[in-house]
Amino acid sequence: MAKKEKQDITALLKHHFGFDKFKGNQKAIIENVLAEKDTFVLMPTGGGKSLCYQLPALILEGTAIIISPLIALMKNQVDAMRNFSEKDGIAHFINSSLNRSAIDQVKQDILTGHTKLLYVAPESLTKEENIEFLRQVQISFYAVDEAHCISEWGHDFRPEYRRIRPIINERGRHPLIALTATATPKVQHDIQKNLNMMDATVFKSSFNRPNLYYEVRPKGNDPDLHRDIIKYIRANEGKSGIIYCLSRRKVEEFAEILCTNGVKALPYHAGMDSQVRSNNQDAFLMEEVDVIVATIAFGMGIDKPDVRYVIHYDIPKSLEGYYQETGRSGRDGGEGQCIAYYSSKDLYKLEKFLQGKPIVEQEIGKQLLLETAAYAETAVCRRKVLLHYFGEEYTEDNCGSCDNCLNPKRLIEAKELLLTVLEAVETLKEKYKTEYIINFLMGVETADIIAYRHNELELFASGQEEGERIWNAVIRQAQIAGFLAKDIENYGLLKITHKGHEFLKNPVPFKIVKDNEFDEDDSSDAPVRGGGSCAVDPALYSIMKDLRKKLSKQLEVPPFVIFQDPSLEAMATTYPINPEELQNIPGVGAGKAKRYGAEFIAIIKKYVEENEIERPEDLRVRTVANKSKLKVWIVQSIDRKVALDDIAMSKGLDFNELLNEIETIVYSGTRINIDYFINEAMDEDHVQDIYDYFKESETDDLETAINELGSDYTEEEIRLIRIKFLSEMAN
């Protein structure tokens with residue numbers, strides 16, 4: 001292979017790209033490629049990986065073949081290269097987005113020597129017609145971008161990547177450069193082994209991105225989550241951000257919610273029309289929109305240096321994925337905020353998705369999820385945890401730019417706890433994973449523990465006075481401190497290191513911090529709070545109860561007819577001060593807001609002003625209109641006097657489910673008339689007795705009504721008359 005000898009590559013860098021100097025290892029890497037040596041590059045996002053093959057491609061004779069996983073990535077890279085050159089033919093891609101005539105033009109440019117970089121997907125590389133075409137091309141070298149796709153332990157495994165080496169071999173010996181932004185030692189070994197480049201020169205840059213801030217927040221329910229994200233975006237108005245969701249459906253929904261709330265946002269996922277997807281990407285790059293809501297299909301190699309925040313709506317499936325996605329912020333060295341929302345329920349869902357896959361894949365997937373959970377729940381410096389995961393030691397005690405370091409927890413002495421863990425791992429012959437060790441220590445008699453008779457060992461249940469959270473914290477922090485190591489080759493079996501054996505002989509003080517707690521409230525049991533995350537204002541709640549009582553006497557209706565307690569609680573949480581805001585309170589529809597709302601709004605407004613209250617409603621999340629037509633259809637069917645049991649049957653509901661829907665309609669202030677059904681289905685005396693009960697009662701509680709009225713009346717009868725009563729008296 002001919003190459004330009006003894007050229008000053010720094011001068012060539014200036015000539016082709018306008019930069020005065022190289023970043024980090026770039027110069028050494030490029031010199032290695034120019035020397036025709038296999039090269040392995042491990043460099044974080046934003047470190048300048050692309051230049052490591054772009055400049056050699058321009059210098060060397062022939063065309064460099066760049067193997068890349070995504071059409072979006074290829075387009076972005078080709079556009080970037082064309083901007084640095086006078087001729088568009090300098091860089092091309094071949095993939096499924098091109099028609100036959102466009103592909104013919106690409107091939108013509110390559111054969112005439114105009115093209116220095118050709119981007120291909122691994123799938124395109126395996127097509128016989130492309131293999132035949134490449135036999136005619138003078139190839140300078142091959143570059144495998146996003147090389148972690150080769151490894152099953154990588155976060156974006158692509159089986160097609162495993163066919164790259166055999167295809168390259170067919171074409172004869174050429175230098176190879178493999179590049180990735182995220183690779184644990186295990187993944188790095190997989191890449192080099194699969195690409196047959198064990199002798200390659202390895203260039204490994206630090207994974208530390210000092211300009212990035214890391215934070216994990218509890219996820220909460222959707223209204224709270226949406227409010228929190230929108231509040232954050234508004235506080236960073238005009239800045240570019242990416243929001244990652246796991247599902248395409250959530251991407252579409254949340255992008256729409258953002259737009260409804262005045263945020264310039266667009267969706268991006270692999271299921272969209274390719275032209276729309278491409279247009280959305282360009283709109284983000286050209287700053288026509290501030291936010292892209294995306295699945296992980298977005299961002300691989302997207303060269304937008306000034307992304308100021310990356311938000312994970314859902315926790316990712318692996319720390320590699322998380323690291324790479326967060327790495328798309330602050331690539332220019334400026335501010336980069338990385339905020340992830342975590343709920344252990346999401347991890348349970350992701351684990352369910354693994355079911356049905358091959359056992360090996362399930363085991364790998366579970367290990368990756370456990371690492372993600374450990375990162376989310378830890379109270380240790382997040383930078384330290386991330387870098388340890390990638391095989392790098394971070395020696396600072398406090399990074400100063402993660403939530404755990406900015407809000408450090410008190411250290412507790414854990415020497416005895418660590419001794420107990422190490423003795424358990426040793427007793428069990430270093431053959432078990434964290435979960436098994438913790439069950440053993442806590443005395444949990446699982447099927448495996450009983451089968452192996454480990455419940456008969458002296459150490460069994462020796463740690464039952466401590467909780468699972470503490471043992472997890474001890475084991476995780478013992479790994480970071482180097483007392484324990486995970487055998488990744490064997491799915492995470494815990495092994496005692498040399499340092500761990502020394503500790504067993506001569507224990508020394510060992511301090512840990514307890515993990516963060518992420519409470520998983522069951523929202524179905526929680527009281528209505530209007531979607532707010534703050535507590536009910538007791539003073540305002542009391543004032544509104546007094547007003548409701550006064551109106552109840554004036555109008556001669558029970559208090560619950562006006563507003564139920566959960567509605568008052570929601571008002572005392574979000575402080576609605578106009579009819580539109582009041583209608584967003586659960587149980588308050590347009591009818592109720594109009595009939596009873598004015599006086600409540602007036603006292604809330606006065607209370608807010610007198611107490612200088614900052615209202616959560618100032619950041620009310622406008623929801624996208626409910627696309628379900630069920631409630632409208634029910635009201636229309638009742639207007640047509642369709643029997644309620646027929647309505648239920650036609651929609652596949654049982655009768656109680658239908659009554660739930662009708663109650664929601666009535667409690668929101670919509671008036672309906674179900675007399676036609678009641679008169680057919682119920683005894684006239686029963687109707688009057690139940691109606692009179694609700695007229696005199698202080699509560700609409702169903703259980704109370706059943707107890708008061710006695711066994712002569714069925715629950716369905718009581719519910720039907722409660723609906724009639726509320727509709728007539730309240731609406």
Side-chain angles (χ1 to χ4, degrees), residues 221 223-224 226-228 230-231 234 260-262 526-623 625-626 631 663-672 694-701 722-723 725-731:
N221 57 33
D224 286 351
H226 296 167
R227 180 179 289 106
D228 203 43
I230 291 168
K231 184 177 181 180
R234 287 182 179 169
T260 305
N261 285 274
V528 176
R529 290 289 182 267
S533 57
C534 46
V536 170
D537 185 321
L540 179 58
Y541 183 63
S542 178
I543 291 168
M544 288 194 295
K545 281 191 81 170
D546 289 343
L547 173 60
R548 183 177 67 174
K549 197 169 185 178
K550 187 183 86 172
L551 288 174
S552 165
K553 286 178 180 174
Q554 285 176 4
L555 301 169
E556 297 181 345
V557 295
F560 65 81
V561 165
I562 297 167
F563 290 122
Q564 289 188 294
D565 284 353
S567 297
L568 290 188
E569 288 176 349
M571 290 179 212
T573 301
T574 59
Y575 308 98
I577 57 172
N578 58 51
E580 184 194 12
E581 290 179 356
L582 189 64
Q583 285 178 54
N584 283 281
I585 297 293
V588 181
K592 277 205 172 184
K594 194 171 182 181
R595 183 183 288 256
Y596 304 116
E599 291 188 63
F600 285 87
I601 287 168
I603 65 165
I604 295 169
K605 197 168 186 179
K606 183 182 176 187
Y607 182 86
V608 166
E609 288 169 359
E610 287 177 353
N611 294 279
E612 297 181 352
I613 286 167
E614 186 179 330
R615 304 180 317 126
E617 264 313 280
D618 290 336
L619 191 81
R620 181 175 66 78
V621 175
R622 290 174 175 80
T623 55
N626 185 0
K631 287 182 174 60
E663 283 168 350
T664 303
I665 292 164
V666 170
Y667 274 118
S668 295
T670 301
R671 186 170 186 139
I672 59 172
F694 281 114
K695 207 168 183 180
E696 294 163 11
S697 175
E698 288 291 313
T699 176
D700 62 342
D701 181 66
R722 186 174 62 169
I723 289 167
F725 175 80
L726 285 165
S727 190
E728 292 175 358
M729 298 298 290
N731 302 334

Subject >> Side-chain heavy atoms of E663 within contact of L726, under 4.5 Å >> reply: no

Subject >> Distance in Å, F560 CZ paired with D565 CG, rounded so as to fall on 0.5 Å steps >> reply: 11.0 Å

**OP:** Go through the steps to decide whether T574 and E581 satisfy the test side-chain contact (heavy atoms from CB on, under 4.5 Å), and finish with yes or no.
**Re:** CA-CA 9 Å; T574 59; E581 290 179 356; over 6 Å; no

Original post:
Nearest 0.5 Å, what's the CD1-CG distance between I562 and L551?
Top reply: 5.0 Å

Original post:
Nearest 0.5 Å, what's the CG-NZ distance between L540 and K606?
Top reply: 12.5 Å

Original post:
Hey, is CD on E556 packed in by over 12 heavy atoms from elsewhere, all under 6.0 Å?
Top reply: no

Original post:
Is there a donor-acceptor pair closer than 3.5 Å between any side-chain N or O of R548 and the backbone N or O of F563?
Top reply: yes

Original post:
Judged by atom type as modelled, is there a donor-acceptor pair below 3.5 Å linking the side chain of R722 to the main-chain atoms of D700?
Top reply: yes

**OP:** Over all heavy atoms of both residues, which pair between A593 and P579 is shortest? Give the atoms and the distance, please.
**Re:** CB-O, 4.5 Å

Original post:
Going through the distances and angles, do L582 and M571 end up as a side-chain contact (heavy atoms from CB on, under 4.5 Å)?
Top reply: CA-CA 8 Å; L582 189 64; M571 290 179 212; 3.9 Å; yes

Original post:
Once you round to the nearest 0.5 Å, how far does NZ of K550 lie from CG of L555?
Top reply: 10.5 Å

Subject >> Under-4.0 Å salt bridge between D224 and R227 >> reply: yes

Original post:
Any side-chain heavy atom of P558 sitting closer than 4.5 Å to one from F725?
Top reply: yes

Original post:
So, do L568 and F600 sit near enough that their side-chain heavy atoms are less than 4.5 Å apart?
Top reply: yes

Subject >> Any donor-acceptor pair under 3.5 Å from S727 side chain to V666 backbone >> reply: no

Original post:
Quick one: are I577 and Y607 in side-chain contact, heavy atoms under 4.5 Å?
Top reply: no

Subject >> Pairwise distance CD1(I585) to CD(E569) - rounded to 0.5 angstrom >> reply: 11.0 Å

Original post:
Under the side-chain contact (heavy atoms from CB on, under 4.5 Å) criterion, do I723 and I672 qualify, and how do the steps go?
Top reply: CA-CA 9 Å; I723 289 167; I672 59 172; 4.2 Å; yes

**OP:** Give the intermediate values and the outcome of side-chain contact (heavy atoms from CB on, under 4.5 Å) for residues V561 and F694.
**Re:** CA-CA 10 Å; V561 165; F694 281 114; over 6 Å; no

